[in-house]
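Every chain is numbered from 1, with letters handed out A, B, ... down the list of sequences. Just so you know, these numbers use all the heavy atoms, side chains as well, and skip hydrogens, waters and symmetry mates.
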There are 2 protein chains.
Amino acid sequence: MSDRPTLKDVAAKAGVSFKTVSRVVNDEPGVSSAIAERVRSAVAELGYRRNHSAQVLRRSDARLQTVAIVHADATNPFAAAVHASFERYLRTTADTLVVSASSHGDPGEHDRLVDLFTERRVDGLAVIPVSDSPGPALRRELDRNTPIVFIDREPGVNADVVASDHIGGARAATRHLLAHGHRRVGFLGSREQSDSIRQRHAGFTDAVTEAGAESVVRFGLTTPDLADEAVTELLAGADAPTALFAAQNLAAVGAVRALHRLGRQHEVALVAFDHLEIADLVEPAITTAPQNAEALGRAAAEVLLRRIDGDSSDPTRIVVPVEIVPRGSGELAL
Amino acid sequence: MSDRPTLKDVAAKAGVSFKTVSRVVNDEPGVSSAIAERVRSAVAELGYRRNHSAQVLRRSDARLQTVAIVHADATNPFAAAVHASFERYLRTTADTLVVSASSHGDPGEHDRLVDLFTERRVDGLAVIPVSDSPGPALRRELDRNTPIVFIDREPGVNADVVASDHIGGARAATRHLLAHGHRRVGFLGSREQSDSIRQRHAGFTDAVTEAGAESVVRFGLTTPDLADEAVTELLAGADAPTALFAAQNLAAVGAVRALHRLGRQHEVALVAFDHLEIADLVEPAITTAPQNAEALGRAAAEVLLRRIDGDSSDPTRIVVPVEIVPRGSGELAL
DNA sequence: GCAAAGGTAGACAACGTTGTCAGACCCCGA
DNA sequence: TCGGGGTCTGACAACGTTGTCTACCTTTGC
């Protein structure tokens with residue numbers, strides 16, 4: 001990727017000064033149409049492309065038309081959907097390139113990615129946190145008032161956040177189960193370190209407590225296999241729950257698998273947080289409380305753009321509602 | 001994202017020349033430890049970060065430690081899995097940042113993204129094509145011998161490609177169905193413009209022809225809903241197929257949905273190309289011919305790295321085998 | 001005690017671009 | 001014929017960094 005033609009190369013070919021070429025490629029006035037034409041054909045012939053680094057260096061105040069999004073796990077379909085919405089909004093409304101990278105869940109790598117994007121100078125950052133508190137690079141950028149928006153999870157600092165109403169959604173989902181007569185409900189959670197999971201747990205506990213019901217709680221179910229095991233074990237126990245709230249989609253997948261293998265899918269109620277591709281493919285179809293990825297991505301983009309435009313008001317916290325979609329599995333009565 | 005401290009700012013704070021600071025931040029020899037220490041604390045205090053643009057500009061021959069991947073649709077789980085493998089390999093073995101963007105299937109936007117990454121100077125590009133032939137920007141980069149690897153689909157030019165064995169996988173999957181006695185097999189395809197879909201169709205046709213069986217072919221099933229409709233219609237017809245080959249995962253999801261709604265999931269055989277999250281959640285579990293996303297991503301990274309390292313041999317075509325995973329749905333006999 | 005050698009620090013140019021300024025040219029009217 | 005004004009073009013500096021070269025200061029060896 002070297003030996004690219006520069007303004008000078010184009011200028012030499014067109015027989016003009018490189019400043020004239022600069023004017024032409026930037027559509028600046030003050031170039032006669034004959035010369036402009038000659039320059040344009042030289043540009044086309046050499047395949048000249050402006051060097052973004054040099055441009056950015058010279059006009060260090062200008063917009064880079066680039067924002068970065070740092071993923072915890074870009075293969076998560078929910079994260080991908082948020083990303084898609086975020087990207088579409090920024091590309092279409094602000095002509096801004098969205099670049100991304102994923103830390104695969106490693107906090108050190110996560111912070112390192114923030115660092116790498118910072119070195120490369122972006123207009124702003126969207127971050128899906130992997131841990132409770134920001135790493136050194138992220139903290140430095142927050143101090144520097146770099147436009148940053150956190151998506152989906154609490155960053156552990158006072159900053160702009162766009163997140164689903166985890167508490168309200170989990171509370172509503174659990175109430176939904178309790179309304180069908182269940183008195184003993186299981187909670188299937190993934191990483192307890194994750195704030196969104198903790199919030200869903202809080203909403204779950206709210207609903208259980210207000211109804212005076214009982215609960216069984218499992219955390220650490222980060223893969224379908226682990227969730228499958230946990231459900232199998234729970235249901236074999238003496239006082240097994242009669243309804244399950246899966247706080248995360250992979251846990252839900254494992255729960256469905258276990259229920260079907262045990263043949264108890266028509267007996268044990270299940271509500272799953274998050275969208276599930278499989279929701280209406282199984283019998284009974286799975287009642288879900290899906291996060292609105294489209295709204296989250298769009299809201300994050302809006303907040304970030306406002307910050308990039310110079311808005312320096314206090315951090316905002318945008319909460320996107322989560323609504324229950326009844327499909328059958330959550331309506332199984334005791 | 002402005003007003004960042006520069007070498008000069010750090011130098012002023014530490015009371016040295018900016019070149020000395022440069023030496024310290026680059027771990028170059030020739031700085032006394034006392035001064036180096038003073039510089040390091042000034043760096044820490046100001047939160048100095050090297051300006052990547054300036055660095056790249058100065059050393060225009062050097063590696064940028066950055067490659068870009070341009071997606072057709074980053075929300076496709078298969079694409080996401082390939083990306084994850086690609087990213088992990090490059091981050092860990094070559095300390096290279098992988099940035100990405102997605103065109104959401106729009107060829108013009110796709111080529112524009114290539115252009116934007118080119119302007120930003122990356123060491124190489126990985127491209128998941130959206131159309132049969134490269135756009136102007138991509139063509140220009142190919143002419144310029146920019147390291148580029150195409151993933152999963154044919155680019156329409158002579159270039160490095162890493163792709164699954166679509167033909168062989170589809171042929172094997174179809175033979176698998178025919179081996180269970182079916183004589184009339186349906187083909188469910190998504191975009192006919194896509195070369196991978198055409199190849200799967202070719203493999204399908206191979207197997208049908210060699211067995212002297214009959215086929216019904218549907219293209220354009222790009223969403224589960226469209227596939228659902230198509231299957232519903234096919235099965236209602238006079239000479240309905242008794243087995244289905246879904247050439248793409250979204251089409252497979254729709255097919256499963258239709259079969260279950262019609263209650264014919266134990267009667268009509270189904271093999272699906274690609275990985276399906278739902279594969280073993282439904283009854284019968286779905287027999288698949290999954291692409292090896294991990295191998296594809298890794299192979300693409302290896303090819304690209306070799307090109308970046310200066311390998312200028314003829315374009316290679318790496319074909320990653322696709323193996324059938326029998327789970328039940330594909331073994332339903334006539 | 002002095003020259004040579006080595007280690008340390010800074011001055012300066014250059015990368016490719018854009019902003020500022022000045023110069024060259026042309027046309028027009030006096 | 002000449003000056004004034006506008007239009008077009010180019011020279012030059014600057015952005016923040018790294019590579020090269022030079023200058024200083026200390027140490028070493030005779």
Can you tell me the distance, in whole Å, between the CD atom of A:Gln55 and the P atom of D:dG16?
-> 16 Å
Residues A:Arg306 and A:Glu302 bridged, charged N to O under 4.0 Å | no
Which atom of B:Arg49 lies closest to which atom of A:Glu119, heavy atoms considered | NH1-OE2, 3.5 Å
Nearest to the side chain of A:Asn26, which nucleotide is it out of D:dG19, C:dG10, C:dT18?
-> C:dT18
Quickly work out the B:Glu28 CD to C:dG10 P distance and round it to whole Å.
-> 14 Å
Quick note, side-chain hydrogen bond (donor to acceptor under 3.5 Å, both in side chains) partners involving residues 28-44 of chain B, not counting sequence neighbours, are none
Of B:Gly30 and A:Ser53, the one whose closest nucleotide on DNA chain C sits nearer the 5' end is B:Gly30
Taking every heavy atom of B:Val98 against every heavy atom of A:Ala101, the minimum-distance pair comes out as O-CB, 3.5 Å
Pairwise side-chain contact, A:Phe18 with A:Thr6, heavy-atom cut-off 4.5 Å (strictly under) = no
Polar pair under 3.5 Å, donor/acceptor by atom type, side chain B:Arg23, base D:dG19 | no
Figure out the CG/P separation between A:Leu7 and C:dG19, and round it to whole Å.
-> 12 Å
Distance in angstrom units between B:Leu64 CG and D:dT18 P, rounded | 14 Å
Whole-Å distance separating the CZ atom of B:Arg50 from the C1' atom of D:dT18 | 10 Å
Using atom names, set out every protein N or O paired with an N or O of nucleotides 13-15 of chain C below 3.5 Å, distance rounded to 0.1 Å.
from   : atom 1 : to      : atom 2 : distance (Å)
C:dA14 : N3     : B:Arg58 : NE     : 2.8
C:dC15 : O2     : B:Arg58 : N      : 3.2

Would you mind checking if B:Lys13 and B:Asp9 are paired as a salt bridge, meaning a charged N to carboxylate O distance below 4.0 Å?
-> no
State whether B:Ser32 places a side-chain N or O below 4.0 Å from either non-bridging phosphate oxygen (OP1 or OP2) of C:dT8.
-> no
Can we say B:Arg112 and B:Asp115 salt-bridge, meaning some charged N sits less than 4.0 Å from an Asp/Glu carboxylate O?
-> yes
Does A:Arg4 place a side-chain N or O at less than 4.0 Å from the phosphate oxygens OP1/OP2 of C:dG16?
-> no
Bend across the helix from C:dG1-D:dC30 to C:dA30-D:dT1, to 10°, with axes taken over 5 pairs at each end?
-> 60°
B:Ile35 CD1 to D:dT26 P, straight-line distance once rounded to whole Å | 13 Å
From the list D:dA11, C:dT18, C:dG16, which nucleotide is the closest neighbour of the side chain of A:Ser17?
-> D:dA11
At under 4.0 Å between heavy atoms, what does A:Val56 touch on the DNA or RNA strands: base, sugar-phosphate, or nothing?
-> nothing
Would B:Arg4 and A:Glu141 pass as an ion pair if we require N to O under 4.0 Å?
-> yes
For A:Thr20 and D:dG10, is the shortest distance between a side-chain N/O and OP1 or OP2 below 4.0 Å?
-> yes
5' precedence on DNA chain D between A:Ala36 and B:Asn51 (nearest-nucleotide basis) | A:Ala36
So which nucleotide from D:dT9, D:dT17, C:dG19 ends up closest to the side chain of B:Tyr48?
-> D:dT17
Between P of C:dG23 and NZ of A:Lys19, the distance in whole Å = 18 Å
Going by atom types alone, do B:Asn26 and B:Arg50 pair a side-chain donor with an acceptor below 3.5 Å?
-> yes
Any salt bridge between A:Asp95 and A:Arg91, counting N to O under 4.0 Å?
-> yes
